[in-house]
Amino acid sequence: MAYFLCKSEPDDYSYGDLESDGSTVWDGVGNNLALKHMRTVKKGDTALIYHTGKDKHIAGLAKITTDAYEDPNNEKRVVFDVAKKQKLKHPVTLAEIKEEASDTRSVFADYGLVKNSRLSVIPTSKAQFDRIMELSKQAR
């Protein structure tokens, strides 16, 4: 199983929307590097749903329910389906991740969210995922 961070503007589609809908197609990605990451997605992988804009935090988890497949509206792009998994008890903010990333020994030191924050789909290592889950359990 692999892990990915998927960004969305919460005014367009939030984790709350995914909870209400139950599932959705993850689409609208045009950046070539983000599309390259999307092409590696497999059914059963986990997505961290990240709210961009003013929120800047990881809000919840989604289960990826399909392998990546051609976008029916644009043959140069790919999409995949996700289903709600769980809302994080405490959202994990970009500021928290960046604070930890300042230590070169941190699992976040080379994290794409910090290094290339413009990408909308970012691979996440098991160690990074585990640390995010630890942070999400801590009351702040």
Side-chain angles (χ1 to χ4, degrees):
M1 174 173 50
Y3 304 92
F4 295 87
L5 181 131
C6 297
K7 293 182 176 182
S8 181
E9 181 68 48
D11 291 340
D12 292 334
Y13 198 85
S14 70
Y15 188 78
D17 294 327
L18 180 58
E19 284 185 313
S20 296
D21 296 345
S23 65
T24 194
V25 175
W26 205 265
D27 61 2
V29 176
N31 177 280
N32 285 331
L33 183 54
L35 287 167
K36 179 180 175 183
H37 297 320
M38 287 179 70
R39 287 182 179 94
T40 68
V41 165
K42 300 288 180 213
K43 180 179 179 179
D45 290 346
T46 297
L48 296 152
I49 306 301
Y50 179 87
H51 289 174
T52 61
K54 64 179 167 53
D55 292 351
K56 292 186 177 73
H57 68 254
I58 300 168
L61 303 176
K63 180 178 181 176
I64 297 172
T65 58
T66 64
D67 290 351
Y69 58 95
E70 185 179 297
D71 184 332
N73 299 312
N74 184 333
E75 64 188 31
K76 294 180 181 178
R77 295 183 180 185
V78 294
V79 299
F80 53 84
D81 298 351
V82 297
K84 69 178 181 174
K85 192 168 184 179
Q86 76 180 62
K87 184 176 182 177
L88 295 187
K89 183 174 182 181
H90 301 284
V92 178
T93 67
L94 176 60
E96 291 172 285
I97 291 171
K98 281 185 170 182
E99 182 179 329
E100 286 202 14
S102 65
D103 180 346
T104 58
R105 297 166 294 176
S106 165
V107 297
F108 297 128
D110 65 348
Y111 193 27
L113 183 61
V114 175
K115 294 287 186 183
N116 194 354
S117 63
R118 305 231 4 115
L119 289 180
S120 55
V121 177
I122 300 167
T124 301
S125 72
K126 173 81 165 103
Q128 291 162 340
F129 176 83
D130 290 345
R131 182 62 184 141
I132 290 166
M133 291 300 95
E134 287 174 19
L135 290 169
S136 75
K137 294 175 184 168
Q138 299 172 6
R140 295 176 270 295

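These figures come from a predicted structure and were not determined experimentally.
The two residues Tyr111 and Pro123 come nearest to each other via the heavy atoms CE1-O, 3.6 Å. The two residues Ala34 and Ser120 have their closest heavy-atom pair at CB-OG, 3.9 Å. Scanning all heavy atoms of the two residues, the minimum distance from Leu35 to Gly30 falls at CD1-O, 3.6 Å. Across all non-hydrogen atoms, the minimal contact from Lys43 to Asp67 is N-OD1, 2.8 Å. Here the shortest heavy-atom pairing between Glu19 and Lys87 reads OE2-CB, 3.6 Å.
Thr66 places a side-chain N or O within 3.5 Å of a backbone atom of Asp81 that can act as its donor or acceptor partner. Remark: side-chain polar atoms of Thr124 are not paired, donor with acceptor, to backbone N or O of Phe129 under 3.5 angstrom.
Expressed to the nearest 0.5 Å, how far CD1 of Ile97 lies from CD1 of Ile132 amounts to 4.5 Å. Atom CG of residue Asp21 and atom OH of residue Tyr13 lie 3.5 Å apart, to the nearest 0.5 angstrom. Once rounded to the nearest 0.5 Å, the distance linking CD1 of Ile122 with CG of Leu113 reads 5.0 Å. The CZ atom of Phe108 sits 8.0 Å away from atom OG of Ser125, with the distance rounded to the nearest 0.5 Å. Atoms CG and OG1, from Asp45 and Thr65 in turn, are 11.0 Å apart once rounded to the nearest 0.5 Å. For the atom pair Met133 CE and Leu88 CG, the distance stands at 4.5 Å (nearest 0.5 Å).
Side-chain contact check for Lys89 versus Lys137: every heavy-atom pair is 4.5 Å or farther apart. Taking 4.5 Å as the limit, every side-chain heavy atom of Tyr50 sits out of range of all side-chain heavy atoms of Val92. Side-chain contact check for Lys84 versus Tyr15: some heavy-atom pair is nearer than 4.5 Å. Side-chain atoms of Asp17 and Ser20, non-hydrogen and from C-beta on, never get closer than 4.5 Å to each other. Residues Asp71 and Val78 are not in side-chain contact: their nearest non-hydrogen atoms beyond the backbone lie 4.5 Å or more apart. Between Arg77 and Asp27, the closest side-chain pair of non-hydrogen atoms is not below 4.5 Å. Looking at heavy atoms from C-beta onward, Arg118 lies out of side-chain contact with Asn31 at the 4.5 angstrom threshold.
Under the 4.5 Å side-chain heavy-atom criterion for ILVMFWY residues, a single connected hydrophobic cluster contains both Val114 and Leu33. When the side chains of ILVMFWY residues are joined at heavy-atom separations under 4.5 Å, either directly or via intervening members, Met38 and Phe4 end up in a single hydrophobic cluster. No chain of hydrophobic side-chain contacts below 4.5 Å, direct or via other Ile, Leu, Val, Met, Phe, Trp or Tyr residues, connects Val121 to Tyr3. By the criterion of side-chain heavy atoms lying less than 4.5 angstrom apart, applied directly or through intervening Ile, Leu, Val, Met, Phe, Trp or Tyr residues, Val82 is not grouped with Leu61; the two fall into different hydrophobic clusters. When hydrophobic clusters are built by joining Ile, Leu, Val, Met, Phe, Trp and Tyr residues whose side-chain heavy atoms come closer than 4.5 Å, directly or via intermediates, Met1 is grouped together with Leu5.
The number of heavy atoms from other shown groups lying within 6.0 Å of CD (Glu99) does not exceed 12.
Between His57 and His51, the ring planes lie tilted relative to each other; the angle falls in the 30° to 60° range.
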key: Working for side-chain contact (heavy atoms from CB on, under 4.5 Å), residues Ile64 and Trp26   = CA-CA 9 Å; Ile64 297 172; Trp26 205 265; over 6 Å; no
